[in-house]
Each structure stands twice: as structure tokens, then as C-alpha cells.
Trainee: 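This is the structure I want to talk about, given as C-alpha cells.
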Amino acid sequence: MRLSGEFFEKLTARVLQVTGTGAGTVAGDGSIIEAAASRFQEIKAEALAELIVKQREKMAASEQEAGEEKRWETEKARHDLNRLLEAQQVLEERQQQRQARGKKGEVTINRQEPEAVIQPQKDKKRFLASYKPSVLVNELRIIIGQAVDPSSETQVVTSLLDQAQQQGVIET
């Protein structure tokens, strides 16, 4: 996820022009931010599968009822089902990745925001749905690269460097 690429690049170029700086020397940092979704929406695979069955039943029932006034209920039920199916797909992918790394245990997912990863927060006491934003700054601390990954600060380093190089040569 990125701030509109074109907008960010143009804004950054203008700020660098006004400040008379470039991308010569850069530094990066990352953090963790809590997702907007409620922590009460975290769910395991079995419970998610049960919700999908119930949602399919709800959608079938609303489709059988005739009339324009019920059409919006059918569309909402379809939207909710699609969101649950998306969450199930993401959960299954994460469970497979976890098993491939030799880790045990069940993966949980936030059904409202499945792209967020349940992970420890900075206090190391709480596990919440969250993302890891990262930035690259120049010597004046002007942000010249930015990215957000669901679970890794290092995964975006190449993207950050590519963004910075669009603003000038990086000294190594």
C-alpha cells in the first residue's frame, strides 16, 4: 500500500526543489500501527468457516424473498459473504506460510480487515491486527520514500530505495 504514487513523487520532488536537497544520503525507519478494525473481530479458521455457512444461508434466504426492498439486503449479504471468503483465503495462505516455516499453532485473522496481521505491539504484551509502515528520509528528514506492509519492515526496502532514486542518485 502506498500514498498515491504520482502525487507523492510530485510533492516530494517539489519539496526537495524548495529545500535545495536531494536523495544523496538516506536513512530508513519502520514502526507498527494498529489497524482500524476492532480487536473483537479476530477469528480462527473454524469459527470463520461457520460464519461463512451462516452468511450463505442468509444470502439464500434474502434471494428467495421477492421485491425491490429486499434487493439491498441481498446485496449486503453478498458483500458480507465476499468479505468473509476473502478473509478465509488470506487466513489459509498465512497458515500455509506458517507451516512452511515450521511453526505450529493456529493463525487468527481480523474478519473486518483481513490484510492486517495479528502481531505483537511495541509493548510486547498485546497482539492486535496491525501494519508496519516504513519511511526513507534524506539528511533534512524529508520523507522521500514510504510504504506499508502487513507484517515486515524489511520487505519494502527495495521499494523505498526505488522511490528515493526517482528523486536523485543515492550515495553508497
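Start at 1 with the first residue, then count along the sequence.
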Trainee: List for me each residue that meets salt bridge (Lys or Arg N to Asp or Glu O under 4.0 Å) alongside E50, sequence neighbours excluded, and say none if there are none.
Mentor: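 Result, salt bridge (Lys or Arg N to Asp or Glu O under 4.0 Å) vs E50: none returned.
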
Trainee: Once you round to the nearest 0.5 Å, how far does CE of M59 lie from CD1 of I52?
Mentor: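 It is 12.0 Å, given to the nearest 0.5 Å.
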
Trainee: Linking Ile, Leu, Val, Met, Phe, Trp and Tyr through side-chain heavy atoms less than 4.5 Å apart, which residues share a cluster with L128?
Mentor: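 Under the 4.5 Å side-chain rule, L128 groups with nothing.
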
Trainee: Strictly distance-based, threshold 3.5 Å: is any side-chain N or O of Q55 a donor or acceptor partner for the main-chain N or O of A77?
Mentor: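 It does hold such a pair.
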
Trainee: Give, for atom OG1 of T108 and atom CD of E42, the distance between the pair rounded to the nearest 0.5 Å.
Mentor: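 One finds 5.0 Å between OG1 of T108 and CD of E42.
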
Trainee: Given the rule that I, L, V, M, F, W and Y join up when any side-chain heavy atoms are under 4.5 Å apart, are V53 and I43 in one cluster?
Mentor: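 No; I43 is not reachable from V53 via cluster members.
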
Trainee: So which residues get pulled into I118's cluster when ILVMFWY side chains under 4.5 Å apart are joined, directly or through others?
Mentor: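 For the cluster that includes I118, the remaining residues are F127.
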
Trainee: For T21, which residues count as a side-chain contact (heavy atoms from CB on, under 4.5 Å) partner, sequence neighbours excluded?
Mentor: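 Here the qualifying residues are L16, T19, N138, E139, L140, I142.
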
Trainee: Starting from the C-alpha separation in whole Å, work towards a yes-or-no answer on side-chain contact (heavy atoms from CB on, under 4.5 Å) for E34 and R126.
Mentor: CA-CA 11 Å; E34 189 176 330; R126 300 174 304 140; 4.0 Å; yes

Trainee: Between CZ of R98 and NZ of K103, what distance do you get to the nearest 0.5 Å?
Mentor: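 It comes to 6.0 Å.
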
Trainee: Between K10 and E6, is there a side-chain heavy-atom distance shorter than 4.5 Å?
Mentor: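 They are in side-chain contact.
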
Trainee: Which heavy atom of A35 sits nearest to which heavy atom of Y131, and what is that distance?
Mentor: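 The answer is CB-CE1, 3.8 Å.
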
Trainee: Side-chain heavy atoms under 4.5 Å apart, restricted to Ile/Leu/Val/Met/Phe/Trp/Tyr: what other residues fall into the cluster of I32, or is it alone?
Mentor: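 Via sub-4.5 Å side-chain contacts, I32 links to none.
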
Trainee: Applying salt bridge (Lys or Arg N to Asp or Glu O under 4.0 Å), which residue pairs with at least one partner in residues 150-161 are found, sequence neighbours left out?
Mentor: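 Listed by first then second residue: nothing to list.
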
Trainee: Got a second to check how far L81's CG is from K76's NZ, nearest 0.5 Å?
Mentor: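 Output value for this atom pair is 11.5 Å.
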
Trainee: For V117, what are the other residues in its hydrophobic cluster, where any two members join if their side-chain heavy atoms are less than 4.5 angstrom apart?
Mentor: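 Besides V117, the hydrophobic cluster comprises nothing; the residue is isolated.
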
Trainee: Just to verify, which of E113, Q121, K122 counts as forming a side-chain hydrogen bond (donor to acceptor under 3.5 Å, both in side chains) with S130?
Mentor: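 Among the candidates, only Q121 passes.
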
Trainee: Identify the two heavy atoms, one from I170 and one from A164, that lie closest to each other, and give their separation to 0.1 Å.
Mentor: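 Heavy atoms of I170 and A164 come nearest at CD1-CB, 3.6 Å.
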
Trainee: For K104, which residues count as a side-chain contact (heavy atoms from CB on, under 4.5 Å) partner, sequence neighbours excluded?
Mentor: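 Expected list: none.
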
Trainee: Taking side-chain contact (heavy atoms from CB on, under 4.5 Å) as the test, write out the residues that go with R141, two or more places apart.
Mentor: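 Scan of R141 (side-chain contact (heavy atoms from CB on, under 4.5 Å), adjacent residues dropped) gives none.
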
Trainee: May I ask you to test the Q119-P150 pair for a side-chain heavy-atom distance under 4.5 Å?
Mentor: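 SC-SC contact between Q119 and P150 ruled out.
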
Trainee: Run the side chain to side chain donor-acceptor pair (under 3.5 Å) test against E57 and tell me which residues pass, sequence neighbours left out.
Mentor: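 E57: no side chain to side chain donor-acceptor pair (under 3.5 Å) contacts found.
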
Trainee: Taking only residues two or more places apart in sequence, or in another chain, which ones meet V157 in a side-chain contact (heavy atoms from CB on, under 4.5 Å)?
Mentor: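 With sequence neighbours excluded, V157 shows a side-chain contact (heavy atoms from CB on, under 4.5 Å) to L161, given in chain and number order.
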
Trainee: Which pair of heavy atoms, one from L160 and one from L136, lies closest together, and at what distance?
Mentor: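 So the two residues come closest at O-CD2, 3.5 Å.
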
Trainee: Pairs of donor and acceptor atoms involving the side chains of residues 85-96, under 3.5 Å and at least two apart or interchain, shall be tabulated with distances.
Mentor:
unit_1: E86; atom_1: OE1; unit_2: R83; atom_2: NH1; d: 3.2
unit_1: E86; atom_1: OE2; unit_2: R83; atom_2: NH1; d: 3.4
unit_1: Q89; atom_1: NE2; unit_2: E93; atom_2: OE2; d: 3.3
unit_1: R94; atom_1: NH1; unit_2: P114; atom_2: O; d: 3.3
unit_1: R94; atom_1: NH1; unit_2: A116; atom_2: O; d: 3.1
unit_1: R94; atom_1: NH2; unit_2: P114; atom_2: O; d: 3.0
unit_1: R94; atom_1: NH2; unit_2: E115; atom_2: O; d: 3.1
unit_1: Q95; atom_1: OE1; unit_2: V107; atom_2: N; d: 2.9
unit_1: Q95; atom_1: NE2; unit_2: G105; atom_2: O; d: 3.1

Trainee: Measure across L51 and L84 and return the closest heavy-atom pair with its distance rounded to 0.1 Å.
Mentor: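 Between these two residues, the closest heavy atoms are O-CD1, 4.0 Å.
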
Trainee: Same cluster for V18 and I144 if Ile/Leu/Val/Met/Phe/Trp/Tyr side chains link at under 4.5 Å?
Mentor: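 Looking at the clustering, I144 is in a separate group from V18.
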
